[in-house]
There are 4 protein chains.
Amino acid sequence: MNDKLDKLRHDVYKANMELFEKGLVIYTFGNASGIDRESGTVVIKPSGVDYDMLSPDNMVMLDLDGTVRTEGSNPSSDTKTHLKLYREYEGIGGVVHTHSRYATAWAQARRPLPCLGTTHADYFYGEVPCTRVIRDEQIARNYEEETGSVIIEKMKGLDVNHMKAVLVACHGPFVWGKDPDEAVYLSVMLEEVSHMAFMSVLINPEAGNIKQTLLDKHYLRKHGKNA
Amino acid sequence: MNDKLDKLRHDVYKANMELFEKGLVIYTFGNASGIDRESGTVVIKPSGVDYDMLSPDNMVMLDLDGTVRTEGSNPSSDTKTHLKLYREYEGIGGVVHTHSRYATAWAQARRPLPCLGTTHADYFYGEVPCTRVIRDEQIARNYEEETGSVIIEKMKGLDVNHMKAVLVACHGPFVWGKDPDEAVYLSVMLEEVSHMAFMSVLINPEAGNIKQTLLDKHYLRKHGKNA
Amino acid sequence: MNDKLDKLRHDVYKANMELFEKGLVIYTFGNASGIDRESGTVVIKPSGVDYDMLSPDNMVMLDLDGTVRTEGSNPSSDTKTHLKLYREYEGIGGVVHTHSRYATAWAQARRPLPCLGTTHADYFYGEVPCTRVIRDEQIARNYEEETGSVIIEKMKGLDVNHMKAVLVACHGPFVWGKDPDEAVYLSVMLEEVSHMAFMSVLINPEAGNIKQTLLDKHYLRKHGKNA
Amino acid sequence: MNDKLDKLRHDVYKANMELFEKGLVIYTFGNASGIDRESGTVVIKPSGVDYDMLSPDNMVMLDLDGTVRTEGSNPSSDTKTHLKLYREYEGIGGVVHTHSRYATAWAQARRPLPCLGTTHADYFYGEVPCTRVIRDEQIARNYEEETGSVIIEKMKGLDVNHMKAVLVACHGPFVWGKDPDEAVYLSVMLEEVSHMAFMSVLINPEAGNIKQTLLDKHYLRKHGKNA
């Protein structure tokens, strides 16, 4: 163990607690992870442990191929999806998966989250995509890893550095970022804009995505080259 | 009184308090019960007592036929429904009834709760059924016990060990489990998925139950033979 | 001042605080009052005073004709509506008016609150009526008192001892009871069933009032001759 | 620095904290400002500072033309919109901008907020207007200042002393008042009536603005010449 990994365990612990404190998860739901690219070490929440029992010490460490390096707890049941995303997207440093209420409502509706306003545009560069439903043979083969494949298939052609969230149809959101903290922050924002969009489309079913110029202005002001 | 029954009173007390703390009940609403199968003793919340006055000591104990064994308070007015379920389903150890907001909204809409996603599938094996409206002669005869009959009629053909909740039309949810704690846990989950489903069907009225393979994967991963 | 009136001031103070604590009012909104029938004294919340400044001592006392007996604060701007109801309905001892979110949503929709389930039926004997919109000449003449007249007109033919709430169209709910405490309790319940009904009618627009036998069973079990 | 400006910094600090405490903003969202007309000094929240790090001391002071007078933090990114409103409307002393959930839902739906009831009429004299979508050349030229222009264009013909809020299409609400405190108070009210109206129009899509006589009665009772 070294200082860098100690810090990562602490950061991943903090990220998981933030999910709980912001109300995105209840009981033992949800999981945040982080990666140390240099050593290829992923740190993730243990499976089935109550939030008030979490600590940096019981965060699970594993290799990118899934070999667990720590003793005691099992890693979250969604670990293989996290690993798949880390292997595919080399630029990301943190992943969050929740069943947060409003984002999940959209995932269950099997609809992309439209970009209806600047709150959305400040964080996500366009509508947040929704995957197709996972195929039977994928469920049978390796469900959690194939959930990652379905995400990757959907993100093809999109820049994962500017669209850091996806809705998995019939399931819920996956969000990533440069580190666990950003992934949590964006998860909270995704929940907020999912709630707003739910209301907006009921008030006006015709309200569509905002125009490109407004999207560019808001997103690029914060995340573009001159941000 | 013996240690086992003391523990049950404590567990039933804790289950009722959890309902209150999770916001599923207000004022004196709602009731959780548990059973000691060996002695045939049911423990249930007293009727009309504020939550801040509840304690293990004022939980009411009764026989399966309804004979009250403890002095002081009357059992919850829904007791006969609980007893009916305990007599019919020998495998269950706890029952919860609430008028929790979101699940009750579906019961009032007289609609089963569709299984729109994996959050639902993790806890309930398919759509949560909604009973028919109770018949006039049943209301006149023995309303609370007949509410149990209406539930049992609806559950015919379903495995109550894998579908542990039902919506009573025009009324609200009944939930059961291997003990009071599980029944409360599932009541909280039912409320959560009722909220999500409410939003999902407004976003997309065509969103239907998830496919069987996905349901199986999630439900059986947690509750199947190899769980 | 005598003990009975001291107690009433305390009860009215407590009723107003309960409205605040249950989230039915924000800032200085809302008002609860009570009456001592023997002396014909009404006690009501002062106008425009923040909830954290309220105390039994600054509750305003007045006669049924509106003559203020205490010094310092003005009575709530809705006082004349309260007085009108006290003069018309001799059996009531407390009145509450709020702009609570869910009940007001129905009042603004100018729709009676349908009795969709037993939660509603436990407290209100049928659908909660919604008045017609107040007429221009009534607004011009004596708006607050005429708001009472519009309520009384709507309640004609209904038993105010069993339907203790009304929605004033384009405005909000008025609720009454045998004392301020009951009026507050029913206000909280009205809010709860208004929320549930909002969701139920969106899930199933065809869901109508529950049948009379079920309404009777629930309401009369609690409020009938043999309650 | 003088006493008056010290007080203004304190008031603007308090206004920003109130936005946070009332739940209208999360993380670093939202901004409240105030102006001292005598010296032409505007005080506004710094950009990107967490709410728990705010203090009167880090509020940013600037001239009406945008010249920053204090060191340390940058002013909120929406500052130019605030300044534009202060320059155009000489009678206003405070401005608030949030992405509060319910008001923003209406802005994203690109719909004015109808005046459906007296809660609305107590604070806003008629429906709260919604601007047109900002034009591409305005976005390119000077986005934040042109957001102010779009507001001013929409408010033409309206009295900004009696309609103190506007919804910027695809964006969110701007609210103003005689001082920062009033602007915050009205922002909270706008959120409340936006929530109510969302529900009312779903219950009854035909519910329209209340009639003029009722609007006059409520609004002018509080804000008219004889208030």
Side-chain angles (χ1 to χ4, degrees), chain A residues 23-30 47-48 50 77-78 81 97-114 130-144 146-147 150 167-174 191 194-203 205, chain B residues 18-19 21-24 100-102 105 113-124 126-127 177 181-182 184-224 226-227:
Chain A
L24 269 67
V25 297
I26 55 173
Y27 289 118
T28 64
F29 281 30
S47 176
D50 281 344
S77 59
D78 298 300
T81 318
H97 172 52
T98 73
H99 291 192
S100 67
R101 210 166 276 165
Y102 298 98
T104 302
W106 283 92
Q108 293 191 155
R110 296 145 219 188
R111 290 279 163 86
L113 181 70
C130 182
T131 70
R132 64 164 172 77
V133 176
I134 190 168
R135 270 194 288 270
D136 290 354
E137 68 267 24
Q138 293 180 297
I139 294 173
R141 200 187 311 144
N142 191 337
Y143 175 63
E144 291 80 10
E146 293 293 335
T147 297
V150 170
L167 304 174
V168 177
C170 305
H171 192 141
F174 278 83
E191 189 66 354
S194 295
H195 190 172
M196 286 177 181
F198 163 70
M199 296 188 286
S200 295
V201 299
L202 292 183
I203 295 169
Chain B
E18 176 86 354
L19 288 180
E21 284 153 18
K22 292 292 187 202
L24 269 67
S100 67
R101 211 167 274 165
Y102 298 98
L113 181 70
C115 178
L116 301 178
T118 61
T119 319
H120 183 123
D122 280 335
Y123 298 99
F124 305 101
E127 69 177 24
D181 190 53
E182 192 195 15
V184 167
Y185 187 89
L186 290 176
S187 296
V188 175
M189 290 306 161
L190 179 65
E191 190 66 354
E192 189 70 23
V193 295
S194 295
H195 190 173
M196 286 177 181
F198 163 69
M199 296 187 287
S200 296
V201 299
L202 291 183
I203 295 170
N204 180 9
E206 309 301 318
N209 289 314
I210 62 173
K211 60 184 177 179
Q212 189 65 35
T213 47
L214 187 56
L215 173 58
D216 284 347
K217 181 70 200 175
H218 269 264
Y219 187 80
L220 299 176
R221 180 168 75 163
K222 285 205 169 192
H223 311 281
N226 306 315

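Proteins come first, then strands; the chains are lettered A, B, ... in the order of their sequence lines, and each starts at number 1.
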> Using the side-chain contact (heavy atoms from CB on, under 4.5 Å) rule, pick out the option among B/I210, B/T118, B/L214 that qualifies with A/H171.
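It is B/T118; the other options fail the test.
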
> With a distance cut-off below 6.0 Å to the six-membered ring centre and an angular limit of 45° from the axis, does B/K22 pair with B/Y185 as a cation-pi contact?
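Pair B/K22/B/Y185 does not count as cation-pi.
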
> If only atom types and distance count, is the side chain of B/E18 paired as donor or acceptor with the main-chain N or O of B/D181 below 3.5 Å?
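Checking the backbone N and O of B/D181 against the side chain of B/E18, no donor-acceptor pair under 3.5 Å is found.
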
> Which atoms form the tightest heavy-atom contact between B/Y123 and B/H223, and what is the distance?
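So the minimum-distance heavy-atom pair works out to CA-NE2, 4.1 Å.
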
> Answer whether the closest heavy-atom distance between the side chains of A/P173 and A/V168 falls below 4.5 Å.
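A/P173 does not reach A/V168 side chain to side chain.
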
> Would you call A/D136 and B/K211 a salt bridge, using N to O less than 4.0 angstrom?
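Here A/D136 pairs with B/K211 in a salt bridge, since their nearest N and O are under 4.0 Å apart.
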
> Taking the side chain as every heavy atom from C-beta outward, state whether B/V193 and B/Y102 have any pair of such atoms under 4.5 Å apart.
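A side-chain contact under 4.5 Å is absent here.
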
> What option among A/A107, A/C170, A/S77, A/A169 has the most heavy-atom pairs under 4.5 Å with chain B?
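Counting heavy-atom pairs under 4.5 Å, the top option is A/C170.
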
> What part of A/E144 gets closer than 4.5 Å to chain B, counting heavy atoms only: side chain, backbone, both or neither?
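Side chain of A/E144 only, per the 4.5 Å heavy-atom cut-off to chain B.
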
> Need one label for A/R101: side chain, backbone, both or neither, based on atoms under 4.5 Å from any heavy atom in chain B.
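A/R101 touches chain B through backbone and side-chain heavy atoms alike.
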
> Within a strict 4.5 Å, meaning less than it, do heavy atoms of the B/C115 and B/L215 side chains meet?
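Side chain of B/C115 against side chain of B/L215, heavy atoms only: contact under 4.5 Å found.
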
> State whether B/K217 and A/E146 are salt-bridged, where the test is any N-O pair (Lys NZ or Arg NE/NH1/NH2 against Asp/Glu carboxylate O) under 4.0 Å.
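The answer is no: the pair does not qualify as a salt bridge.
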
> With chain B as the partner chain, list the residues of residues 195-203 of chain A whose heavy atoms fall under 4.5 Å from it, by residue number, and write 'none' if nothing qualifies.
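Within residues 195-203 of chain A, the residues that come under 4.5 Å of chain B (heavy atoms only) are A/F198, A/L202.
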
> Counting only heavy atoms closer than 4.5 Å, note whether B/E206 contacts chain A via side chain, backbone, both or neither.
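Contact with chain A: none, neither part.
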
> Given that the side chain runs from C-beta out, which part of A/I26 has a heavy atom under 4.5 Å from chain B: side chain, backbone, both or neither?
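A/I26 touches chain B through side-chain heavy atoms alone.
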
> Where on B/D122 is there a heavy atom nearer than 4.5 Å to chain A: the side chain, the backbone, both, or neither?
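Side chain only.
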
